[in-house]
Amino acid sequence: MKSHNNHPYHLVDYSPWPITGSIGAMTMTSGMVLWFHKNEMYLFQLGMLINLLTMYQWWRDIVREGTFQGKHTMKVVDGLKLGMILFIISEVFFFISFFWGFFHSSLAPTVELGMTWPPQGIKTFNPMEIPLLNTMILLSSGISVTWAHHSLMNNSHNQTKISLMITVILGILFTILQGFEYLEANFCISDSIYGSTFFMATGFHGLHVIIGTTFLITCLMRHMMFHFSKTHHFGFEAAAWYWHFVDVVWLFLYISIYWWGS
């Protein structure tokens, strides 16, 4: 007997992924404790593997629901948009905590730091070198992802593909340059509050760039498989919002930590 929905909402099917994700998270965090205290990584790696498999299969199911099963109605998409907006707001507050720590220490340096900022003995990066290049790369990627969005809305499949590829390449280039910058650093995370705030803020931003690049690679693959239309492409829209958020955070990082803080 065929059932009829009298509502536009998506009542999710039974799924094993929340429980496997919980097991993966618990295994990974326990594994991190083991890694930090005993330098054994096997439990951490197992947790990472469980998490990656869970994420792949959970997102695969969501793509199927939205693309092939028609469960992402306009009402559901409105809910997804609100969820993404609230998630980005939570991420904004996550980064505010790092900026708070940085400005708390830099605006009134204590006697332990030599009453100066940067602290005595810290040789900072030249903001006109790799940091400026990375700023131009991220700003350019913000332009190319907007080009991709407008091309998608104008039904231009080829231009969307090209502009998304450019965005992904720029994201990967940013990560490579930041990795090179870390290798060349004259200080480490344990070098006073400067090292701690610098590597926590720029490190978590770098992690967000890697996540955003993965998000955009997934969107590129889905676009190549014709999953998106000019009216139904929230998966890509969410990736674009996230990428713009990453861009804005970097601008604040560059101005405050690299330029003003040096």
Side-chain angles (χ1 to χ4, degrees), residues 8 10 55-92 95 131-179 205-254:
H10 172 211
M55 287 190 289
Y56 174 79
Q57 291 168 108
W58 200 342
W59 292 333
R60 175 205 63 194
D61 289 353
I62 293 167
V63 167
R64 284 173 178 170
E65 288 166 3
T67 310
F68 305 115
Q69 297 173 350
K71 291 181 177 178
H72 289 186
T73 61
M74 297 307 287
K75 200 79 175 169
V76 171
V77 170
D78 285 345
L80 292 172
K81 284 181 179 177
L82 181 61
M84 192 66 196
I85 289 164
L86 291 172
F87 168 67
I88 289 172
I89 289 169
S90 76
E91 291 281 274
V92 167
F95 278 100
L132 183 61
L133 177 59
N134 264 347
T135 303
M136 301 313 295
I137 287 168
L138 269 195
L139 288 174
S140 301
S141 72
I143 294 167
S144 60
V145 82
T146 305
W147 170 23
H149 194 188
H150 282 269
S151 300
L152 191 56
M153 290 190 291
N154 289 325
N155 257 349
S156 178
H157 187 270
N158 203 41
Q159 283 213 15
T160 307
K161 180 179 78 176
I162 292 165
S163 49
L164 254 180
M165 280 178 173
I166 291 169
T167 311
V168 167
I169 290 164
L170 290 171
I172 293 167
L173 184 58
F174 176 93
T175 303
I176 291 167
L177 284 168
Q178 192 170 31
H205 176 268
L207 179 65
H208 281 70
V209 170
I210 292 166
I211 293 165
T213 306
T214 309
F215 205 168
L216 289 167
I217 289 169
T218 306
C219 287
L220 179 59
M221 289 162 64
R222 290 188 64 196
H223 175 68
M224 303 287 272
M225 292 186 280
F226 297 93
H227 283 190
F228 300 131
S229 70
K230 64 186 290 185
T231 55
H232 194 87
H233 56 258
F234 178 67
F236 169 76
E237 213 168 1
W241 291 356
Y242 188 82
W243 196 251
H244 287 309
F245 155 73
V246 166
D247 280 359
V248 171
V249 169
W250 175 258
L251 285 176
F252 280 101
L253 280 173
Y254 177 74

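For the atom pair T167 OG1 and L216 CG, the distance stands at 6.5 Å (nearest 0.5 Å). Residue L177 holds its CG atom at 5.5 Å from CG of L133, rounded to the nearest 0.5 Å. Going from atom CH2 of W147 over to atom CG of L164 covers 10.0 Å, rounded to the nearest 0.5 Å. We find the CG-CG distance between L82 and L86 to be 4.5 Å, quoted to the nearest 0.5 Å. The distance from the CG atom of L253 to the CG atom of L138 is 10.0 Å, given to the nearest 0.5 Å. Distance check: T160 OG1 to K230 NZ gives 11.5 Å after rounding to the nearest 0.5 Å.
In this model, no donor atom of one side chain and acceptor atom of the other lie less than 3.5 Å apart for S156 and S151.
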Residue pair L251, T135: steps toward the side-chain contact (heavy atoms from CB on, under 4.5 Å) verdict: CA-CA 7 Å; L251 285 176; T135 303; 3.9 Å; yes

Criterion side-chain contact (heavy atoms from CB on, under 4.5 Å) on H72 and I62, from CA distance to verdict: CA-CA 9 Å; H72 289 186; I62 293 167; 3.9 Å; yes

From CA spacing to verdict: side-chain contact (heavy atoms from CB on, under 4.5 Å), N134, Y254: CA-CA 9 Å; N134 264 347; Y254 177 74; over 6 Å; no

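Screening T213, I211, L207 for a side chain to side chain contact (heavy atoms under 4.5 Å, CB included) involving V209 leaves a single residue, T213.
Among residues two or more places apart in sequence or in another chain, the ring-ring contact (aromatic ring centres under 6.0 Å, His included) test is passed with H157 by H223, F226. Residues passing the ring-ring contact (aromatic ring centres under 6.0 Å, His included) test with H149 are H233, F236, sequence neighbours excluded.
Taking 4.5 Å as the limit, every side-chain heavy atom of V249 sits out of range of all side-chain heavy atoms of H208. The closest side-chain heavy-atom distance from Y242 to F87 is below 4.5 Å. Between T73 and H10, the closest side-chain pair of non-hydrogen atoms is not below 4.5 Å. Side-chain contact between V145 and H244 is present, with at least one heavy-atom pair separated by less than 4.5 Å. Residues I85 and W241 form a side-chain contact, since some pair of their non-hydrogen atoms from C-beta on lies under 4.5 Å apart.
Between the side chain of H205 and the main chain of V246, a donor-acceptor pair closer than 3.5 Å is present. The main-chain N or O of G171 is never found under 3.5 Å from a side-chain atom of S141 such that the two would form a donor-acceptor pair. At distances below 3.5 Å, not a single donor-acceptor pair connects side-chain atoms of S144 with backbone N or O atoms of I166.
The 12-atom threshold is not exceeded at CE of M221, counting heavy atoms of other residues, nucleotides or ligands nearer than 6.0 Å. A 6.0 Å sphere centred on CE of M225 holds more than 12 heavy atoms belonging to other residues, nucleotides or ligands. Within a 6.0 Å sphere centred on CZ of F245, heavy atoms belonging to other residues, nucleotides or ligands number more than 12.
Nearest approach of C219 to G235, heavy atoms of both residues: SG-O, 3.6 Å. For the residue pair H232 and G66, the shortest heavy atom distance occurs at NE2-O, 3.4 Å.
The stretch residues 56-65 participates, sequence neighbours left out, in these side-chain hydrogen bond (donor to acceptor under 3.5 Å, both in side chains) pairs: W17-D61.
Here F95 and W250 keep their ring centres 6.0 angstrom or further from each other.
Below 30°, between 30° and 60°, or above 60°: for F68 and H227 the angle between ring planes is above 60°, a perpendicular geometry.
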